[in-house]
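Step one of this worksheet: look at the structure below.
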Amino acid sequence: MKALVVGSGGREHAICWKFAKSSKIEKVYCATGNGGISQVAENVDIAVDDFNRLADFVKMNNINFTFVGPEIPLSLGIVDYFKERGLRIVGPSKGAARLESSKIYSKEFMRKYGIPTAEYNGFSNVNDALKFLESWEADKKVVVKADGLAAGKGVYMCGGREDAVNAVKQMMDEKILGDAGTNVIVEEHIDGPELSYLVFTDGETYCAMPPSQDHKRISDNDKGLNTGGMGAYAPAPLATEELNKEVEDTIIRKVIDGIKAEKLDYKGVLYIGVIMNGSTPYVLEFNCRFGDPETQAVLPLLDMDFVDICAAILDQNLANLKINWKKDFSVCVVLASGGYPESFKKGFEIKGLENIKDAIVFHAGTKIENEKFVTSGGRVLGVVSTASDIKTAVEKVYSNVSMIKFEGVRYRKDIAWRALNGKQD
Ligand code: GLY
């Protein structure tokens, strides 16, 4: 078989890497790929939203199925388009992807199906939003979220009324997030640890992956600016068997039942961002795809052929598939460019990759110049190690990370600290 992966980051490198290991796969293509991905797949220079050319490429090269990494092509309807052209593609339809691409839709869905989530109000008119905030306490924390996709920049954590008013004006009046902020939601603030529950679904049933935990802030101790994710580990000890059962009963099954009741065409990966509200799991957000960098931590734990899972998803046969996971722990540390998540320089040579032992290096922002890897993005690499205990996995990953050098490199030194300290908050 031949597979096409759509996307170009660390998540897509992990997906291509796993496909390349399959005995059923003869060739992997990746549009558009990156420097590291070219080691396991052939990079294809077609943009992720150029559906016509992507589908032509698939037909011309007799590619058996396509797997979509990022949310943008899903939200624009790549799955609907490929299906119209008779092509097999893993991912939710445009309508189903609204669980991620519209925060208001996803909150309404949660309300309708009794899924625990923070209280909220949705607004399509700036004056209504500002009027609502008039009675908000000056110092009571609140969250303002853009309804649309905003590349991780659409959530404002506000200290009180004044911050929230500014956030609403910036999004709705000044349009600093473009169309993403045309509508907003104002949401109750919840403080608690977060967990990423990812499931494969064929729209009828689901198979859960090991729960993982992302580290969104740039600096140790969860300080500094938000990023696309500075590291992840799985399975997260906070996700005890008891909690996983509660999440399945009160959240995951209800989401799948809701997907069926709404007749959403969802065949792919669903990411449920969970936040602990005291001891009760609440849904923070849905993503209609694999997480980044959670995927880089989770896929190395998958102890079977990923192609069989994709086939079961597409043939709506997940109920009859047993998915095997290694019993190990996995830790991914992201190496980023100096200055990230603000402005940063690119084009620095990445040295030391030949010294890596006991780790997998997934490339996020790299390209090849004069036969050498150079930095080409904010998040550059994700280094992953696995071991039978989390402490050893952390030691292994950091001893490998220390081998890799490029100008300005920055990374967190405390990935998996919650698991190491036995901390639950
Ligand atoms: N790790 C967060 C995300 O993929 O959106």
- Task: With salt bridge (Lys or Arg N to Asp or Glu O under 4.0 Å) as the test, would you mind laying out the steps for Glu241 and Lys245 before giving the verdict?
- Result: CA-CA 6 Å; Glu241 252 178 59; Lys245 183 173 179 327; over 6 Å; no
- I would like to know whether Ser196 and Tyr271 meet side chain to side chain donor-acceptor pair (under 3.5 Å); could you show each step before the answer? CA-CA 7 Å; Ser196 306; Tyr271 169 135; 3.3 Å; yes
- Item | Trace of the side chain to side chain contact (heavy atoms under 4.5 Å, CB included) decision for Phe57 with Val44 | CA-CA 9 Å; Phe57 183 84; Val44 179; 3.6 Å; yes
- Item | Steps toward side chain to side chain contact (heavy atoms under 4.5 Å, CB included) verdict (Val199, Met209) | CA-CA 6 Å; Val199 302; Met209 304 183 210; 5.9 Å; no
- Item | Val90 and Val68: CA distance, side-chain angles, deciding distance, side chain to side chain contact (heavy atoms under 4.5 Å, CB included) verdict | CA-CA 6 Å; Val90 183; Val68 189; over 6 Å; no
- Thr201 and Ile313: CA distance, side-chain angles, deciding distance, side chain to side chain contact (heavy atoms under 4.5 Å, CB included) verdict: CA-CA 6 Å; Thr201 182; Ile313 289 173; over 6 Å; no
- Query: Hey, mind stepping through Tyr206 and Tyr197 against ring pair (Phe, Tyr, Trp, His ring centres under 6.0 Å) and telling me if it holds?
  - Reply: CA-CA 12 Å; Tyr206 68 92; Tyr197 281 88; over 10 Å; no
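With values rounded to the nearest 0.5 angstrom, Asn34 atom CG is found 6.5 Å from Ser8 atom OG. Atoms CG and CZ, on Leu4 and Arg88 in that order, are 14.5 Å from each other to the nearest 0.5 Å. Taking CZ of Arg418 as the start and CD of Glu194 as the end, the distance is 8.5 Å to the nearest 0.5 Å. Here CG of Leu284 is found 7.5 Å from CD1 of Ile190. Values are rounded to the nearest 0.5 Å. Rounded to the nearest 0.5 angstrom, Asn166 CG and Gln170 CD are separated by 6.0 Å. Atom CD1 of Ile78 sits about 5.0 Å away from atom CZ of Phe51, to the nearest 0.5 Å.
What you find for Val48 and Ala31 is that their closest heavy atoms are CG1-O, 3.8 Å. Here the closest non-hydrogen pair linking Phe109 and Ile259 is CZ-N, 3.7 Å. Between Cys288 and Ala97, the closest heavy-atom pair is SG-CB, 3.9 Å. Taking both residues in full, the closest heavy atoms of Ile415 and Cys332 are given as CG2-O, 3.6 Å, listed atom of the first, atom of the second, then distance. For the pair Tyr282 and Thr117, the tightest heavy-atom approach, listed with the atom from each and the gap, is CD2-C, 3.4 Å. Summarising the geometry of Val384 relative to Ala297, their closest heavy-atom pair is CG1-CA, 4.5 Å, with the distance given to 0.1 Å.
Within 6.0 Å of atom NZ in Lys260, more than 12 heavy atoms from other residues, nucleotides or ligands are found, so the atom counts as buried in its surroundings. Lys59 NZ: more than 12 foreign heavy atoms inside a 6.0 Å radius. Other residues, nucleotides and ligands contribute over 12 non-hydrogen atoms within 6.0 Å of the CG atom of Asn61. Within a 6.0 Å sphere centred on NZ of Lys396, other residues, nucleotides and ligands contribute more than 12 heavy atoms. The neighbour count for Asp249 CG, taken as heavy atoms of other residues, nucleotides or ligands under 6.0 Å away, is above 12. With a 6.0 Å radius and a threshold of 12 heavy atoms from other residues, nucleotides or ligands, Lys326 has its NZ atom above the threshold. For CD of Gln316, the number of neighbouring non-hydrogen atoms (other residues, nucleotides, ligands) closer than 6.0 Å is greater than 12.
Within the structure, every pair that satisfies the side-chain hydrogen bond (donor to acceptor under 3.5 Å, both in side chains) test and touches residues 406-416, not counting sequence neighbours, is listed here: Asp222-Arg412, Arg412-Asp414. Screening residues 262-277 for salt bridge (charged side-chain N to carboxylate O under 4.0 Å, His left out), with sequence neighbours left out, gives Lys83-Asp265, Lys112-Glu262, Asp265-Lys267. Applying the side-chain hydrogen bond (donor to acceptor under 3.5 Å, both in side chains) test to every pair with at least one member in residues 9-21, sequence neighbours left out, gives no pairs at all. Sorted by first and then second residue, the side-chain hydrogen bond (donor to acceptor under 3.5 Å, both in side chains) pairs involving residues 133-142 (not counting sequence neighbours) form an empty list.
Residues satisfying the salt bridge (charged side-chain N to carboxylate O under 4.0 Å, His left out) test with Asp147, not counting sequence neighbours, are none. Shown here are the salt bridge (charged side-chain N to carboxylate O under 4.0 Å, His left out) partners of Lys346, two or more places apart in sequence or in another chain: there are none.
Using a 4.5 Å cut-off on side-chain heavy atoms (C-beta onward), Trp417 and Asn221 make no contact. Side-chain contact between Arg379 and Tyr340 is present, with heavy atoms from C-beta onward closer than 4.5 Å. Using a 4.5 Å cut-off on side-chain heavy atoms (C-beta onward), Lys2 and Ile25 make no contact. With a 4.5 Å cut-off on side-chain heavy atoms, Ile46 and Thr32 do not count as touching. By the 4.5 Å heavy-atom criterion applied to side chains, Val28 and Val40 are not counted as neighbours. Val58 has its side chain within reach of Phe82: a pair of non-hydrogen atoms, C-beta onward, lies under 4.5 Å apart. Looking at heavy atoms from C-beta onward, Ser385 lies out of side-chain contact with Tyr398 at the 4.5 angstrom threshold. A 4.5 Å side-chain heavy-atom check between Asp56 and Arg85 finds at least one atom pair inside the cut-off.
Ring geometry for Phe132 against Phe123 counts as tilted: the plane angle lies between 30° and 60°, on a 0 to 90° scale. By the 30° and 60° cut-offs, the orientation of the rings of Phe306 relative to Phe200 is tilted. Relative ring orientation between Tyr233 and His215 is described as tilted, the plane-to-plane angle lying within the 30° to 60° band.
Comment: Glu174 does not engage Lys169 in a salt bridge, judged by the lack of any side-chain N to carboxylate O separation of less than 4.0 angstrom. Note on Glu369 versus Lys367: salt bridge recorded, some NZ/NE/NH1/NH2 to OD/OE distance being below 4.0 Å. Of the charged side-chain nitrogens involved, at least one lies within less than 4.0 Å of a carboxylate oxygen, so that Glu187 and Lys107 count as a salt-bridged pair.
One N or O on the side chain of Glu188 and one on the backbone of Glu119 form a donor-acceptor pair closer than 3.5 Å. Checking side-chain atoms of Asp128 against main-chain N and O of Lys131 turns up no donor-acceptor pair under 3.5 Å. A donor-acceptor pair is defined here as one N or O able to donate and one able to accept, closer than 3.5 Å; no such pair exists between the side chain of Thr295 and the backbone of Asp292. A donor-acceptor pair under 3.5 Å is absent between the side-chain atoms of Arg217 and the main chain of Asn226, judged by distance alone.
Side-chain atoms of Lys175 and Thr182 form a donor-acceptor pair, as typed in the model, at a separation below 3.5 Å. Checked by atom type, the side-chain pair Asn43/Tyr29 shows no donor-acceptor distance below 3.5 Å.
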